[in-house]
Amino acid sequence: MHNTHESALSPFKHRTFTIMWLAALISNIGTWMHSVGASWLMTSLSPTPLTVSLVQTATTLPVFLFALPAGALADIFNRRTLLLLTNLFMLAAALIFAILVWVELVTAELLLLFAFLLGTGAAFMAPAWQAIIPGMVPKEDLPQAITLGGISINLSRAIGPALAGVLIGAYGMALPFVANAISFIIIITVLLWWKYQTPAANLALPPERVVSAMRAGVRYAWHSRPLKHTMWHVMGFMFFANAVWGLLPIISKDQLSGDAAFFGLLMGAVGVGAITGAFLLPRFKIRLNANQLVAIGSTGTALMAGYFAIGNDQELAVLAGFIFGVGWIMVLATVNVSAQQSLPDWVRGRGLAVFLMVFFGSMSLGAAFWGWLAEITSIMHALLAAAAGAIVFIAFSYRLKLQQGQYLDFTPSLHWPEPVIHEKVVHDAGPVIIQIKYNVVERDREAFLQAIYRLKAARQRDGGYNWGVYEDVEGQGCFVEHFTEESWVEHMRHHERVTHADKALQEAVLVFHQKRSAPEVRHLIAAYPSGKSDLKGSKTQ
């Protein structure tokens with residue numbers, strides 16, 4: 001047990017991670033105080049299941065809408081600067097909302113507006129924050145660091161709601177929102193202290209543009225099997241599990257006859273359960289693989305959703321909240337590690353942004369859908385339907401393997417030689433067709449084709465499209481692989497982005513190439529009549 005405990009806490013050996021983790025904890029406590037205060041306030045302003053659940057939708061929808069541009073910015077610009085600007089925006093929004101609550105000018109519409117604004121800040125913060133974690137700890141400590149990030153959220157979920165309930169009962173509704181504003185000051189101070197090392201950039205290439213960077217992120221996610229499997233898991237889990245989050249305030253008030261303090265206690269129980277689950281995860285991982293962990297965690301949350309549908313005992317509800325928290329962290333810690341392990345650093349912010357879009361999009365849609373269903377039927381029917389749907393989804397998603405990137409090396413291999421060109425090629429020249437000629441003996445034909453088709457997704461992830469393999473009918477054993485890229489500069493970026501994992505796939509193809517020299521590579525750039533363009537063509541052997 002001692003070794004497991006040390007393993008779970010190993011990232012705390014790194015000073016920067018520890019200080020940033022504590023700052024995030026304080027900020028998360030403020031966020032949960034705001035979340036509980038806003039949900040409870042809405043039960044007074046407009047106490048219908050749909051309106052109360054829309055607080056969750058307003059908070060999470062911005063991540064779906066803005067995470068991708070936020071991820072592109074996190075990969076292109078200085079991540080520390082982006083985090084500072086985002087937290088200053090959130091400080092201003094939180095402070096204005098606290099003042100409005102203090103002077104009793106808040107309406108249901110204003111509450112949803114400020115929930116949306118703070119959610120927008122969170123959308124721009126999340127990809128950058130997740131992208132900086134691998135730079136704070138060595139690779140072997142990354143899974144534990146991600147789990148500790150989950151512990152931070154859930155420890156704050158245990159502290160923030162309970163503290164918000166006490167403050168509302170003792171000092172009034174405005175205090176949790178004031179505390180949230182103060183928490184942003186603390187994280188801004190720590191970001192100013194942090195000596196961020198900007199990743200070295202290739203000065204020979206111009207910086208990526210935001211729109212093309214966004215396209216690159218979506219393209220990588222679309223062609224990355226490890227990331228797609230992870231997103232399928234998180235999409236289904238968040239959609240069904242969020243029935244509990246969206247309806248919990250009204251369950252607490254109406255079905256369980258609780259006050260603000262009890263609601264805080266119930267939310268705190270979920271947080272304590274999640275913390276407990278996080279510390280048990282290293283032990284679980286000894287016996288269970290990632291898919292088994294997610295299946296067990298999802299089953300636990302589904303069963304607790306079923307209990308909340310029919311239960312009316314406060315003590316049992318607190319216990320159900322604890323079990324729900326254990327299942328919650330088992331799933332989220334596992335899929336978050338899977339997402340991080342699926343991405344090389346150059347696209348980490350954008351890839352995580354796509355993951356977060358699916359995560360929060362499912363969460364937002366789930367909160368609105370289950371709130372709507374509860375309003376036209378009943379809370380009991382909505383929660384029972386969510387529990388049943390979650391169980392069915394477990395059976396569907398179990399075959400989609402998680403954490404496939406665990407043993408893949410995504411560091412740049414830089415093994416592609418520089419193209420030999422007869423004259424300078426402008427960066428915007430293109431599109432570019434890359435042709436690679438292989439010579440294969442007849443007996444290896446089928447094995448070669450199987451190997452090269454495994455290379456297809458790697459070419460597409462890094463920018464290639466219109467990929468194909470053709471066989472020369474005039475020369476036996478001659479095969480030409482080709483793909484197209486948007487421009488010359490995009491192709492040169494492809495040179496930088498090829499990983500050691502890609503190199504292994506390419507070497508599996510090259511064993512079938514019969515000539516002593518490397519395969520012939522040609523680069524063909526779109527040519528236009530004089531006056532139309534100054535694009536150049538090139539060839540390399």
Side-chain angles (χ1 to χ4, degrees), residues 216 219-220 222-229 342 344 346-347 401 404-405 407-422 425 429-527 536-541:
R219 180 186 65 225
Y220 191 95
W222 181 258
H223 293 292
S224 170
R225 184 177 179 183
L227 188 58
K228 282 200 292 188
H229 282 197
S342 301
W346 71 266
V347 75
K401 189 176 179 182
Q404 296 178 50
Y407 301 109
L408 296 177
D409 185 354
F410 286 125
T411 57
S413 61
L414 302 177
H415 71 283
W416 282 11
E418 285 289 311
V420 179
I421 56 178
H422 63 79
V425 183
V432 183
I433 297 176
I434 297 89
Q435 297 178 341
I436 307 166
K437 184 178 179 181
Y438 304 92
N439 291 279
V440 181
V441 297
E442 180 62 25
R443 68 175 180 273
D444 291 333
R445 182 181 185 279
E446 187 62 28
F448 164 77
L449 290 173
Q450 290 181 7
I452 201 166
Y453 270 86
R454 286 193 288 270
L455 189 57
K456 177 181 179 180
R459 304 290 201 207
Q460 292 172 322
R461 284 195 301 268
D462 290 342
Y465 59 95
N466 291 337
W467 183 93
V469 178
Y470 292 85
E471 186 172 4
D472 189 347
V473 296
E474 296 180 3
Q476 188 177 20
C478 179
F479 294 85
V480 177
E481 176 196 10
H482 79 89
F483 55 93
T484 307
E485 295 188 308
E486 289 183 2
S487 65
W488 184 251
V489 72
E490 286 301 313
H491 178 63
M492 296 311 297
R493 289 196 179 105
H494 195 162
H495 275 250
E496 296 180 341
R497 292 168 176 173
V498 176
T499 67
H500 283 94
D502 299 333
K503 182 180 180 183
L505 292 172
Q506 292 169 21
E507 288 174 344
V509 173
L510 291 177
V511 296
F512 300 106
H513 178 64
Q514 292 303 302
K515 288 189 176 181
R516 292 182 179 179
S517 59
E520 179 185 351
V521 181
R522 292 171 60 87
H523 298 78
L524 308 174
I525 299 182
K536 307 293 183 183
S538 68
K539 173 181 175 181
T540 180
Q541 301 293 334

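For this chain, numbers begin at 1 and follow the sequence in order. Just so we're clear, the structure is a prediction, and the values are computed from it rather than from any experiment. All values below were derived from every heavy atom in this structure, side-chain atoms included, with hydrogens, water molecules and symmetry-related copies excluded.
Between Trp488 and His523 there is a side-chain heavy-atom pair separated by less than 4.5 Å. Looking only at side-chain heavy atoms (C-beta outward), Asp462 and Asp502 come within less than 4.5 Å of each other. The side-chain heavy atoms of Pro419 and His495, taken from C-beta on, include a pair separated by under 4.5 Å. For the pair Phe479/Leu449, a side-chain contact is recorded, criterion being any heavy-atom separation below 4.5 Å from C-beta on. Using a 4.5 Å heavy-atom threshold, the side chains of Glu486 and Tyr465 count as touching. Considering only heavy atoms from C-beta on, Glu418 comes within 4.5 Å of Met492 through its side chain. Val509 is not listed as a side-chain neighbour of Glu481, based on a closest heavy-atom distance of 4.5 Å or more. The closest side-chain heavy-atom distance from Val498 to Gln506 is below 4.5 Å.
Ring pair His491/His494 is perpendicular by interplanar angle, where above 60° counts as perpendicular and below 30° as parallel. Under the 30°/60° scheme for interplanar angles, the aromatic rings of Phe512 and Phe448 are found to stand perpendicular.
Between Phe483 and Gly464 the shortest heavy-atom distance is CD1-CA, 3.9 Å. Looking at every heavy atom in both residues, Val432 comes nearest to Ser487 through CG2-C, 3.6 Å. The two residues Pro226 and Gly405 have their closest heavy-atom pair at CB-N, 4.2 Å. Closest approach of His500 to Pro412, counting heavy atoms only: CE1-O, 3.3 Å.
Residues passing the side-chain hydrogen bond (donor to acceptor under 3.5 Å, both in side chains) test with Glu471 are Arg445, sequence neighbours excluded. Residues passing the salt bridge (charged side-chain N to carboxylate O under 4.0 Å, His left out) test with Arg225: none are found, sequence neighbours excluded. Annotation: side-chain contact (heavy atoms from CB on, under 4.5 Å) contacts of Gln435 (sequence neighbours excluded): Ile433, Val480, His482, Arg522, Leu524.
In this structure, Gln460 CD and Leu455 CG are separated by 10.0 Å, a value rounded to the nearest 0.5 Å. One finds the OG1 atom of Thr499 at 8.0 Å from the CG atom of Leu505 (value rounded to the nearest 0.5 Å). Rounded to the nearest 0.5 angstrom, Gln514 CD and Cys478 SG are separated by 13.0 Å. Taking NE2 from His513 and CD from Glu507, the interatomic distance works out to 14.0 Å, rounded to the nearest 0.5 Å.
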**Report entry** Test log, rule salt bridge (Lys or Arg N to Asp or Glu O under 4.0 Å), inputs Arg493 and Glu490
**Finding:** CA-CA 5 Å; Arg493 289 196 179 105; Glu490 286 301 313; 2.8 Å; yes

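For Lys401, the NZ atom sits in a loose shell: 12 or fewer heavy atoms of surrounding residues, nucleotides or ligands are nearer than 6.0 Å. The 12-atom threshold is not exceeded at OH of Tyr470, counting heavy atoms of other residues, nucleotides or ligands nearer than 6.0 Å.
Taking the centre and axis of the six-membered ring of Trp467, the NZ or CZ atom of Arg459 falls outside the cone set by 45° and 6.0 Å.
A donor-acceptor pair under 3.5 Å links the side-chain atoms of Lys228 to the main chain of Trp222, judged by distance alone.
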